[in-house]
Structure formats: structure tokens, C-alpha cells
Number of protein chains: 2
Amino acid sequence: MPAIAKTSESDVIDAARSIIADCGIDGITLHALADSVGIKAPSLYKRFAGREEIIRRVQLTEFTDLARNIAAETLDLPPQDAVRTIARIYWNLSLERPRIYEALFSGASITEPEDLAVRTSAMLPIFDACRALAGAGVALGAARTVTAYIHGFITMNMAGVFQQSPGIEGSYYFGLNAIIKGIASPAE
Amino acid sequence: MPAIAKTSESDVIDAARSIIADCGIDGITLHALADSVGIKAPSLYKRFAGREEIIRRVQLTEFTDLARNIAAETLDLPPQDAVRTIARIYWNLSLERPRIYEALFSGASITEPEDLAVRTSAMLPIFDACRALAGAGVALGAARTVTAYIHGFITMNMAGVFQQSPGIEGSYYFGLNAIIKGIASPAE
DNA sequence: ACCTGAACACCGTTCAAGT
DNA sequence: ACCTGAACACCGTTCAAGT
């Protein structure tokens, strides 16, 4: 009957977050996670359905932080600056916390409506900027283009496809500027 | 002393390829792979260093096929058409054999020079087209931009980020055209 | 020379038993 | 109510033993 709780749901998610940040998504074992909050692995199942759900919760937390950060940094910015700022936020994240960036987009395709809402909120500032840049008619396509480019460039860069060439950040913004120009005056 | 070989290196790689095509990279266990070529799992270590090497060999094979396919389909095409053709080849691959597309870019960052050479050969037609489109000075940046966009869009689409909206392929080519236009006349 | 069974360390997960 | 040890099925990998 005593049942003293040694940890809490948010403690576990925080611990999972820091393990992922250090060791990546493959480094998070239930044994290591349980150990870092002072319990045994089976006890995790009293709070979570399993490993997948824990990872999903970390993704949700990180995406929420990211969306808030993006919203704050792009507030009242002209659309071109907003797009460049968002691109910079993702770029810096991929350099400063690469394993978190990877984890954000890996595994667990979006099924829960909760996940979708958070992801949409992170994309909203891009959509708004694209509408201002390219017009409401093509805003969605333009937003997808910018999003795809940012994610694709960062992913390939982290994978080493572009080598560790010094001009890589220059290429990143060169491409971004080309896209901003391209969507502002789409091909006839 | 007899030592009758029940299988061969290329048999194993072929079997691995079809398992990955069906079940994805997580579905390929050494037990299942060994079973499908009629041996036991430990015997695989007589031919390969381990699971990682087998997967790398499949990636290498698939990339070689892809590079050959791209080279053949873009032969003597004007640069804009070459870029659109390459984009279409990747898009179709992601629809027809999604697990192979995923496997192509997942895990095992490029360390061996052999891997790099194959990947470079797959990118060469994009580079050539971009040089014709944007000039030698920015050709590398332009090629990276196109590559990043294609990969990013397809990855996010497969992950479900863009929903299964019917206009998604339209967005894909809208963005591609915007990029072609943008890199042909980069922002001043 | 190639194959095999047995074993090892390590996963995620379940469950009966403790308090 | 939360925690635990023991167990299960399943991984990749190693190795001594077969032919």
C-alpha cells in the first residue's frame, strides 16, 4: 500500500531527452533510461506503453520547444527574413544538438492528431512567410518547398554526403536564396 | 574437407535486397537472411564482417543501379529536362520501392571511399545539368540545392508530414520548377 | 573451406509477487 | 499505487566442433 514514487512522468521524459541528446535514438535503452531515474526497466511500463511512446513524447516536447522558439524569433519579421531566420534555427540545431535533430524526424510516422498539430504549428510561420512572398494560391506548395529543402540539406549534410567542405553553409544559404527568389516569381 | 558451399556472396546480397524491399531495414535479421539462402546465421560471418557490412553492400548495389539508370535516362537531355527526369526517377522509386529508398539513405554514414565514389557518380548528372543552368561558379551549390530538395521532399512525404493530400506531386514539381528558375538567375 | 549447435551479452516486454 | 526479480522471445556475434 505505501507505494512511494521514485520518479515522475516528466522526470523520465527529461532523462530520455538528455540520453538522446548524448547517445542518439539508438542509445536509449529502457535499462539505461530506468537507471538514470533510479528505477528498474519494468517499472517504466507503469507510466508508458513502451519504448516507442517514450520516444514519441520526447519528439513532442522538442517540437513544442522548437515551434515556440521559431514563433518568437520570427515575430514581426519581413517574410524573407523570417524564412532565413527559420532556416538558421534548424541549421544551428543540427550543429549544436545533432542527435536531437535526427530524433525529431526519425521513426514513428505521425499517427496521433496531437503529433500533427505540433508539427503543423512549427510549420505555420513558414507558411505565413510564403503566403506573403508567393501569394495565397501557391503558399502551401512554397512552404512545402522551403521545408523540404531545409530538412533535406541538413539531413544530407549530417549524413556526410556533401563532405565536410568549408563552403557548405554558403551552399545552404545560396540554395535558400535561390528558392526564395524562385517561389516569389514562379516559372511561367 | 568437402565443404560444399550452399550459397554465394551475391546470393546473400540479392536475398538481403529483397528482404529490405519487403520488410525495410529493420526487417532484415541475420536469422531471416540466412534462412532465405538455406544456411544458418553464424555461417554468414564466413562471407561478411557482420550485419552492417551486408546492409552497406546492398546500398552500394542499389546506388550503382540508380546511377546507371539516371545516366541512361538523362543522356543528351537539355539541362532543365535532365533535372526534372532525375527528380522523377527518385520520386517513382520512393513510390514503387519505398523501403529501398529509405534504406538507401539510412544508417552507416559514408566512410569507405568506395561508397563515396558511387554516390558521387549518382550526383554527377545533376551537377552537369546545374553547371549548364547556373554556370560553373555556382554549379556545386546549385547541385546541392537540387539534391537536398529532392531528398527532403521525398523523405518528408514518406514520413507523412505533408499528409496524403492529392496535390502533393504537384507541390513537388512546383518546388522543383521554382528552384530551377531560382538557380538559373540567383538573387542579387 | 564452409557449415553448425551451443553459448553469450543484450535487447523490449510480461507478470507474479512484494510493500 | 508503484516497484522489483525472474522469465521470455528475440537480437547480433563468437567459437569450438563437425565434414
Side-chain angles (χ1 to χ4, degrees), chain A residues 1-61 99 102-103 106-109 111-112, chain B residues 1-61 99 102-103 106-109 111-112:
Chain A
M1 219 98 98
I4 299 157
K6 296 184 173 181
T7 183
S8 70
E9 208 175 278
S10 62
D11 273 359
V12 174
I13 298 301
D14 278 353
R17 193 144 66 140
S18 90
I19 291 177
I20 290 176
D22 290 343
C23 312
I25 211 159
D26 289 333
I28 185 168
T29 68
L30 295 196
H31 177 272
L33 177 57
D35 208 54
S36 80
V37 295
I39 61 174
K40 303 294 175 183
S43 299
L44 289 168
Y45 289 81
K46 289 291 159 183
R47 305 180 193 275
F48 304 96
R51 184 176 182 270
E52 283 289 286
E53 197 210 328
I54 294 173
I55 292 173
R56 199 182 68 83
R57 289 283 304 274
V58 172
Q59 291 175 325
L60 221 54
T61 304
R99 325 306 297 262
E102 285 168 13
S106 74
S109 55
T111 49
E112 314 290 330
Chain B
M1 222 100 97
I4 300 157
K6 297 184 173 179
T7 183
S8 71
E9 207 175 281
S10 62
D11 274 358
V12 174
I13 299 301
D14 277 353
R17 193 142 70 135
S18 91
I19 292 177
I20 290 176
D22 290 342
C23 312
I25 211 159
D26 289 334
I28 186 168
T29 69
L30 296 196
H31 178 272
L33 176 58
D35 208 55
S36 79
V37 294
I39 61 174
K40 302 294 174 183
S43 300
L44 289 168
Y45 288 83
K46 290 290 160 183
R47 307 180 192 274
F48 305 96
R51 184 175 183 272
E52 284 288 286
E53 198 210 327
I54 295 173
I55 291 173
R56 199 182 68 83
R57 289 283 304 274
V58 172
Q59 292 175 324
L60 221 53
T61 304
R99 324 306 296 262
E102 285 169 12
S106 73
S109 55
T111 49
E112 315 290 329

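Treat the numbers as computed from the prediction; the structure is a model and nothing was measured. Below, chains carry the letters A, B, ... as their sequence lines are ordered, and counting in each starts from 1. The figures that follow rest on heavy atoms only: side chains count, while hydrogens, waters and symmetry mates do not.
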Review point. How many angstroms lie between atom CD of B:E52 and atom CZ of B:R57, to the nearest 0.5 angstrom?
Key: 14.5 Å
**Study point:** Any donor-acceptor N/O pair, A:Q59 side chain to A:I54 backbone, under 3.5 Å
**Key:** no
Practice item. Name every residue in residues 21-48 of chain B that has at least one heavy atom under 4.0 Å from any atom of DNA chain C, in order of residue number, or write none if there are no such residues. Key: B:I39, B:K40, B:P42, B:S43, B:K46, B:R47
Review point. Which residues pass the salt bridge (Lys or Arg N to Asp or Glu O under 4.0 Å) test with B:E53, sequence neighbours left out?
Key: none
Exercise for review: Please state how far atom NZ in A:K6 lies from atom C1' in D:dT4, giving the value in whole angstrom units.
Suggested key: 8 Å
Check your understanding: Do the side chain of B:S43 and the main chain of B:I39 share a donor and acceptor less than 3.5 angstrom apart?
Key -> no
Revision key, fill the gap. Atom CG of A:D11 and atom C1' of D:dC2 are separated, to the nearest Å, by 15 Å
Review point. What's the spacing between A:R56 CZ and A:T61 OG1 if we round to 0.5 Å?
Key: 10.0 Å
Check your understanding: When the distance from CZ of A:R51 to C1' of D:dC11 is rounded to whole Å, what number comes out?
Key -> 13 Å
Check your understanding: Dot-bracket for DNA chain C: what is it, with Watson-Crick or G-U pairs under 3.5 Å, [ ] where a pair crosses earlier ones, and | for a pair to another strand?
Key -> ||.|||||...|||||.||
**Study point:** Contact residues, residues 12-19 of chain B to DNA chain C [heavy atom, < 4.0 Å]
**Key:** none
Practice item. Please identify each residue that fulfils salt bridge (Lys or Arg N to Asp or Glu O under 4.0 Å) with A:R47, with sequence neighbours left out. Key: none
Check your understanding: How long is the gap from NZ on B:K40 to NZ on B:K6, to the nearest 0.5 Å?
Key -> 8.0 Å
Exercise for review: With side chain to side chain contact (heavy atoms under 4.5 Å, CB included) as the test, would you mind laying out the steps for B:F48 and B:I13 before giving the verdict?
Suggested key: CA-CA 10 Å; B:F48 305 96; B:I13 299 301; 3.7 Å; yes
Name the atoms and distances for all side-chain donor-acceptor pairs under 3.5 Å in residues 15-37 of chain A, with sequence neighbours left out.
from	atom 1	to	atom 2	distance (Å)
A:R17	NH1	A:E62	OE2	3.2
A:R17	NH1	A:D65	OD2	3.0
A:S18	OG	A:A15	O	3.4
A:T29	OG1	A:A32	N	3.1
A:S36	OG	A:L33	O	3.0

